[in-house]
Colleague: 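My questions all concern the structure below.
For reference, positions follow the sequence shown, starting with 1. These figures come from a predicted structure and were not determined experimentally.
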Amino acid sequence: MAYEFIEVRTEAGKVGVITLNRPKQLNALSNGLMDELGQALKAFDADEAIGCMILTGSEKAFAAGADIGAMASYTFADVYKGDYITRNWETIRSIRKPVIAAVSGFALGGGCELAMMCDFIIAADNAKFGQPEIKLGIIPGAGGTQRLPRAVGKAKAMDMALTGRMMDATEAERAGLVSRVVPFAKLMEETLGAALQICEYSQVAVLAAKESVNRSFESGLADGVMFERRMFHALFATEDQKEGMDAFVNKRKAQFKHR
Ligand code: HXC
């Protein structure tokens, strides 16, 4: 499938890589781009051969936000009737396989929100995160006021949303927004390494792990732990649990069949 605003490739036959590709606009997230991103993510999610996905941008920008040029003339009726954001931005939340964000350069506004919708973020040392919407007379609208405080706590989330300042990669790692920081030259190698490692494991267990961690954001502790416990119990019904534990006991490498 040919895309206009993204590039799509497969690494090692099992990692789906999606590169945001509107370089002149610093990967500003237009409706067309978000439609294509949703299609590409769904196609990889449905592909048996794919075990993990990577979402990335350019060296200068992961994405500098929603497309301000397009938004500038929107009216309330336009965005409300057209279900702006809800219509196509959150497809990524329905993707069941892991999606890792590899962030270099600017991840601002909707770009920061898109990175936060991925399962975890690996950042290059030049990455800059921010929710500068306040400078435009709006607020974050793709989950930034909800996911940022869950990631970094209220103090920093308020600071970012109210002042519009950027956080560099070091601060983002310290605050818990990103899981790893690496030199830019190592960003894809490191992220691909993580993705390939995930592909090695039982896909059934991987899906269960993702679903269980995500449940922690949607439920109270007792309900979340019960969800986890039931998923944990259920994994004893898989061939992969037998294989994984037998391989450990017999000091050999496990060969998971994703069953
Ligand atoms: C449209 C954008 C853009 C954006 C940059 N560009 N960000 N176009 N939407 N979000 C365009 C610029 O207009 C410019 O086009 C080109 O990309 C290069 O940008 P420069 O500003 O010249 O680059 P630089 O001086 O290096 O500054 C980089 C920057 C700055 C700091 C990232 O571009 C910037 O502040 N961008 C806006 C960031 C922002 O406010 N994001 C939040 C958007 S609101 P030309 O044609 O002049 O070369 C948002 C809403 C979220 O995301 C809620 C719903 C999702």
Side-chain angles (χ1 to χ4, degrees), residues 6 18-20 26-29 33-34 37-38 40-41 45 52-57 61-67 84-124 126-134 136 138-182 187 191 194-195 198 209-219:
I6 59 173
I18 301 172
T19 306
L20 305 176
L26 303 185
N27 293 332
L29 304 166
L33 185 152
M34 294 312 290
L37 176 60
L41 287 165
D45 210 30
C52 189
M53 287 159 249
I54 296 173
L55 179 58
T56 194
F62 175 75
D67 191 323
Y84 182 47
I85 304 301
T86 313
R87 188 182 68 74
N88 56 356
W89 276 60
E90 285 164 336
T91 307
I92 189 167
R93 295 310 307 154
S94 67
I95 299 303
R96 300 190 68 216
K97 293 170 187 168
V99 184
I100 310 173
V103 174
S104 171
F106 298 110
L108 302 178
C112 187
E113 293 171 303
L114 179 60
M116 288 191 288
M117 282 191 252
C118 296
D119 296 311
F120 62 99
I121 302 172
I122 298 182
N126 67 341
K128 287 196 187 311
F129 298 87
Q131 298 292 162
E133 290 89 341
I134 199 82
L136 300 169
I138 56 168
I139 65 169
T145 65
Q146 306 303 302
R147 291 195 180 93
L148 193 59
R150 281 168 170 78
V152 306
K154 177 185 165 185
K156 275 192 193 290
M158 281 288 189
D159 181 358
M160 309 272 291
L162 294 175
T163 69
R165 80 172 174 89
M166 292 184 213
M167 207 187 249
D168 67 17
T170 307
E171 185 181 359
E173 187 185 30
R174 203 168 56 226
L177 180 58
V178 312
S179 68
R180 315 179 193 182
V181 177
V182 294
L187 180 64
T191 312
I198 290 167
K210 171 168 169 165
E211 222 174 340
S212 298
V213 173
N214 278 334
R215 185 55 70 105
S216 75
F217 295 102
E218 309 289 348
S219 63

Colleague: Rounded at 0.5 Å granularity, tell me how far CG in D159 sits from NZ in K154.
Modeller: 12.5 Å
Colleague: How many angstroms lie between OG in S179 and CD in E173, if you round to the nearest 0.5 Å?
Modeller: 8.0 Å
Colleague: Find out whether L55 and F62 are in side-chain contact, i.e. whether some heavy atom of one side chain is under 4.5 Å from a heavy atom of the other.
Modeller: yes
Colleague: Do the side chains of L187 and I122 get nearer than 4.5 Å, heavy atoms only?
Modeller: yes
Colleague: Of N214, I95, I198, I92, which meets side chain to side chain contact (heavy atoms under 4.5 Å, CB included) against D119?
Modeller: N214
Colleague: Roughly how far, to the nearest 0.5 Å, is CG of L114 from SG of C112?
Modeller: 9.5 Å
Colleague: Looking at side-chain heavy atoms only, is the closest gap between M116 and L177 below 4.5 Å?
Modeller: yes
Colleague: Decide side chain to side chain contact (heavy atoms under 4.5 Å, CB included) for L29 and D67; before the verdict, give the C-alpha distance in whole Å, the side-chain angles of both, and the deciding distance to 0.1 Å.
Modeller: CA-CA 5 Å; L29 304 166; D67 191 323; over 6 Å; no
Colleague: With a 4.5 Å heavy-atom cut-off, do I18 and I54 have their side chains touching?
Modeller: no
Colleague: Heavy atoms only: give me the nearest L20-A63 pair and the separation to one decimal.
Modeller: CD1-CB, 4.1 Å
Colleague: Strictly below 4.0 Å, N to O, side chains only: are K128 and E171 in salt-bridge contact?
Modeller: no
Colleague: Would you give me the side-chain donor-acceptor pairs under 3.5 Å for residues 141-150, sequence neighbours excluded?
Modeller:
residue: R150; atom: NH1; partner: Q146; partner atom: O; Å: 3.1

Colleague: Of all the heavy-atom pairs spanning A175 and K156, show the shortest one and how long it is.
Modeller: CB-CD, 3.7 Å
Colleague: Report yes if the side chains of T19 and I6 come closer than 4.5 Å at any heavy-atom pair, otherwise no.
Modeller: no
Colleague: Please collect all side-chain hydrogen bond (donor to acceptor under 3.5 Å, both in side chains) contacts where either partner lies in residues 95-116, sequence neighbours excluded, each pair once.
Modeller: S104-N126
Colleague: Just verifying a value: how many Å separate E133 CD and I139 CD1, rounded to the nearest 0.5 Å?
Modeller: 8.5 Å
Colleague: Can you confirm whether T56 sits close enough to I100 that some side-chain heavy atom of one is under 4.5 Å from a side-chain heavy atom of the other?
Modeller: no
Colleague: Partners of S216 by side chain to side chain donor-acceptor pair (under 3.5 Å), sequence neighbours excluded?
Modeller: none
Colleague: Flag the pair I121 / R180 as yes when at least one side-chain heavy-atom distance between them is below 4.5 Å, and no otherwise.
Modeller: no
Colleague: To the nearest 0.5 Å, how far apart are CZ in R165 and CZ in F129?
Modeller: 13.0 Å
Colleague: Can you find a pair of side-chain heavy atoms, one from F106 and one from N27, that are under 4.5 Å apart?
Modeller: no
